[in-house]
Amino acid sequence: MIMLVDDDFDLDRIAESGQCFRWELRGEGTYRIPLGERCLYIRALGDGRFDLDCGENDLALWREYFDLKECYSAIRARPDPRSDPFLAECAASERGIRILRQDPWEVTVSFIISQNRNIPAIRRSVELLCRAAGKSCVDGRGEAFYSFPEPEAILALSERELNECRLGYRGRYVRAAAAAAMDGTLDFPSLRTKTPEAARDALTELYGVGIKVASCIQLFGLHQLDAFPVDTWVRRILENEYPDGYPFEEYSPYNGVYQQYMFAFYRHKAL
DNA sequence: AGGCAGGCTTTTA
DNA sequence: TAAAAGCCTGCC
């Protein structure tokens, strides 16, 4: 079916943004996107038109996933080219990035896995974990894929099976997060009721989750758009471009969206 | 108390 | 060989 989108929405830029690790480019600009036990095939046709191949009644679900109720063009237009030329250029150059509404559990595990690794390595480990513990599913085109594993399925893996996902020392962090999800220490519905500060504190209580990974879970998993993950790239950006400080107050409550524009811009510049 | 150095698995360039 | 969307531990 055809979906019309009257806002910033660039599949390639989202796929490269580093917020999701299971999108798969299938040629002809078509992405296969797993979500739970479903899969979407989507392709941009131009002029805000997108070709979607998904379940009959799943369109609303995917519109939610892509956060289509939020107006990113308005967020993007906020930085003033005169007072903040750097951010204005980042936002203009990276137009089309959106913050997906992903499964918070998948986001948590994925970003625990992400520490001290580059994106290809992260994708590999996540896929291995899905194959090891996820449910075997078939998509609408008859192709097999694996769902992202539930905490219980991860806990059921032997140490050796977990090691085969190439997680290294992060394996015990992933296991601890799964245990916390099982015993209720990690509970996303209750995290959503907390203030951002309280959610951050609760997340950093998890073994292997520091401030950076907690911010990523808040931004990409809890959709707290003001969360501002500071990784090696963003740390360099703040040092190089904002030696006198970054105006967080001015860009609240969308600091996380601007972080994404800057992160993508710097990465493109470096490549 | 809070900051800092060193170590950690593995992959990528 | 260094760096990679970092965090933990031990030491001061």
Side-chain angles (χ1 to χ4, degrees), chain A residues 12-23 90 94 97-100 102-132 148 154 157-180 185-186 197 199-242 246 255-271:
Chain A
D12 295 322
R13 289 197 176 129
I14 294 170
E16 292 165 10
S17 68
Q19 62 177 298
C20 50
F21 302 103
R22 297 195 71 202
W23 285 31
C90 291
E94 302 297 338
I97 290 179
R98 311 179 70 82
I99 309 296
L100 303 171
Q102 303 186 74
D103 167 33
W105 169 243
E106 176 172 340
V107 169
T108 298
V109 175
S110 298
F111 280 92
I112 287 174
I113 290 173
S114 79
Q115 54 187 270
N116 243 34
R117 310 183 77 184
N118 47 34
I119 288 173
I122 301 165
R123 295 174 59 93
R124 189 164 120 95
S125 276
V126 170
E127 196 53 40
L128 286 169
L129 186 63
C130 291
R131 284 170 187 272
F148 192 86
I154 291 177
L157 291 176
S158 69
E159 194 166 335
R160 181 176 159 210
E161 288 171 316
L162 203 55
N163 282 340
E164 285 171 351
C165 300
R166 322 316 278 163
L167 301 181
Y169 63 92
R170 306 162 196 81
R172 60 185 190 272
Y173 301 161
V174 170
R175 190 178 289 277
T185 314
L186 172 60
E197 296 73 23
R200 180 200 58 203
D201 291 344
L203 287 167
T204 53
E205 289 290 306
L206 296 170
Y207 183 52
V209 175
I211 185 74
K212 191 275 175 180
V213 170
S215 306
C216 287
I217 298 169
Q218 291 180 265
L219 178 56
F220 303 127
L222 302 176
H223 209 73
Q224 295 179 354
L225 296 186
D226 213 27
F228 190 88
V230 178
D231 68 336
T232 54
W233 293 85
V234 176
R235 183 179 46 74
R236 272 178 262 166
I237 290 168
L238 295 180
E239 286 169 4
N240 295 344
E241 313 292 338
Y242 298 93
Y246 182 81
N255 277 299
V257 179
Y258 298 117
Q259 186 270 14
Q260 284 291 280
Y261 291 138
M262 292 192 288
F263 177 77
F265 183 80
Y266 243 55
R267 274 174 48 90
H268 284 149
K269 215 168 69 166
L271 296 179

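Lettering of chains follows the sequences in order, A, B, ..., and the numbering in each one begins at 1. All values reported here derive from a predicted model rather than from experimental measurement.
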Interface with DNA chain B, restricted to residues 203-214 of chain A and to heavy atoms under 4.0 Å
none
By nearest-heavy-atom nucleotide on DNA chain C, the more 5' of Tyr173(A) and Arg236(A) is Arg236(A)
Output the rounded distance in Å from CZ (Arg172(A)) to C1' (dT9(B)).
10 Å
Plane angle bin for Tyr173(A) and Tyr169(A) - parallel if under 30°, tilted between 30 and 60°, otherwise perpendicular:
perpendicular
Check whether the side chains of Ser125(A) and Arg170(A) place a donor and an acceptor atom closer than 3.5 Å, and report yes or no.
no
Output the distance between atom CZ (Arg236(A)) and atom CG (Asp231(A)), rounded to the nearest 0.5 Å.
8.0 Å
Criterion side chain to side chain contact (heavy atoms under 4.5 Å, CB included) against Phe265(A), the qualifying member of His268(A), Met262(A), Lys269(A)
Lys269(A)
Should Phe263(A) be counted as stacked on dA5(C), where stacking needs a ring-centre gap under 5.5 Å and an angle between planes under 30 degrees?
yes
Distance (rounded to the nearest 0.5 Å) between Trp105(A) CH2 and Ile217(A) CD1
9.5 Å
Stem list for DNA chain B, please, built from Watson-Crick and G-U wobble pairs under 3.5 Å and keeping only runs of at least 3.
B:2-8 with C:6-12, B:10-13 with C:1-4
Ser125(A) near the nucleic acid: base, sugar-phosphate alone, or nothing, with a heavy-atom cut-off under 4.0 Å?
nothing
Using a heavy-atom cut-off of 4.0 Å across all strands, would you classify Phe220(A) as base, sugar-phosphate, or nothing?
base
How about CZ on Arg235(A), more than 12 heavy atoms from neighbouring residues, nucleotides or ligands closer than 6.0 Å, or not?
yes
Hey, does Ser17(A) reach any base, or is it just sugar-phosphate, or nothing, if we go heavy atoms under 4.0 Å?
base
Rounding to the closest angstrom, what is the interatomic distance between dA2(C) and dC8(B) at atom C1'?
16 Å
Below the 4.0 Å mark, does dG6(C) have OP1 or OP2 next to a side-chain nitrogen or oxygen of Arg235(A)?
no
Between P on dA5(C) and CZ on Arg267(A), what's the gap in Å once rounded to a whole number?
6 Å
Between the protein and nucleotides 10-13 of chain B, which nitrogen or oxygen pairs come in under 3.5 angstrom?
residue, atom, partner, partner atom, Å
dT11(B), OP1, Arg124(A), NH2, 2.8
dT11(B), OP1, Arg166(A), NE, 3.3
dT12(B), O4', Asn118(A), ND2, 3.3

Nearest heavy-atom approach of Ile99(A) to His223(A) is O-CE1, 3.1 Å
Are Phe21(A) and Phe111(A), when compared by the centres of their aromatic rings, separated by less than 6.0 Å?
yes
